[in-house]
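In what follows, a structure is listed as structure tokens, so that the remarks can point back to it.
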Amino acid sequence: AKFTYVDKDTCIACGACGATAPDIYDYDDEGLAEVIFKADGNHGNTEIPEDLYDDLQDASDGCPTDSIKVADSPFNM
Ligand code: F3S
């Protein structure tokens, strides 16, 4: 299983993640990224569907500030 959240303290709102993985990430009112799944609230506790693993990896690799956190277990943020 895969889980993800965005560290908003280091996100610089570059916009790469939402372009790469629009089904996972979106932006808040300040342009900072967050996990899109409504029930998740960027807490990193929602299991990412397997068909989005490639997007997840690409977004994680593409973030210039390493703000996209990915793990095999829930973050419980
Ligand atoms: Fe922020 Fe990185 Fe996305 S800087 S907008 S989390 S690609």
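What you are looking at is a predicted structure, and each value in this text was computed from that prediction instead of being measured. Numbering of ligands and ligand atoms starts at 1, following listing order.
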- prompt: Have T10 and T65 got a donor and an acceptor in their side chains that come within less than 3.5 Å?
  reply: no
- request: Give the minimum heavy-atom separation between V70 and K2, together with the two atoms involved.
  value: CG1-CD, 4.1 Å
- prompt: Which ligand 1 atoms are under 4.0 Å away from a heavy-atom of A33?
  reply: 3 (Fe), 5 (S), 6 (S)
- prompt: Is there an N/O/S atom in C11 that lies less than 2.8 Å from atom 1 (Fe) of ligand 1?
  reply: yes
- request: Could you verify whether a donor N or O on one side chain and an acceptor N or O on the other, from T4 and Y25, lie under 3.5 Å apart?
  value: yes
- request: For residues P74 and N45, report the shortest heavy-atom separation together with the two atoms involved.
  value: CB-OD1, 3.7 Å
- request: Do me a favour and list the nearest non-hydrogen protein atom to atom 5 (S) of ligand 1 with residue, atom name and distance?
  value: G15 N, 3.3 Å
task: Test F3 against I48 for side chain to side chain contact (heavy atoms under 4.5 Å, CB included), laying out the working first.
output: CA-CA 6 Å; F3 299 83; I48 305 299; 5.6 Å; no
query: Could a heavy atom of Y27 be found less than 4.0 Å from some atom of ligand 1?
result: yes
query: Is it the side chain, the backbone, both or neither of T65 that has a heavy atom closer than 4.0 Å to ligand 1?
result: side chain
- request: Starting from atom 3 (Fe) of ligand 1, find the nearest protein heavy-atom neighbour and note its residue, name and distance.
  value: C17 SG, 2.4 Å
- request: Kindly indicate, with the supporting measurements, whether the criterion side chain to side chain contact (heavy atoms under 4.5 Å, CB included) is fulfilled by K69 and D7.
  value: CA-CA 7 Å; K69 309 303 182 189; D7 184 345; 4.0 Å; yes
- line: for atom 2 (Fe) of ligand 1, nearest protein heavy atom and its distance come out as C63 SG, 2.3 Å
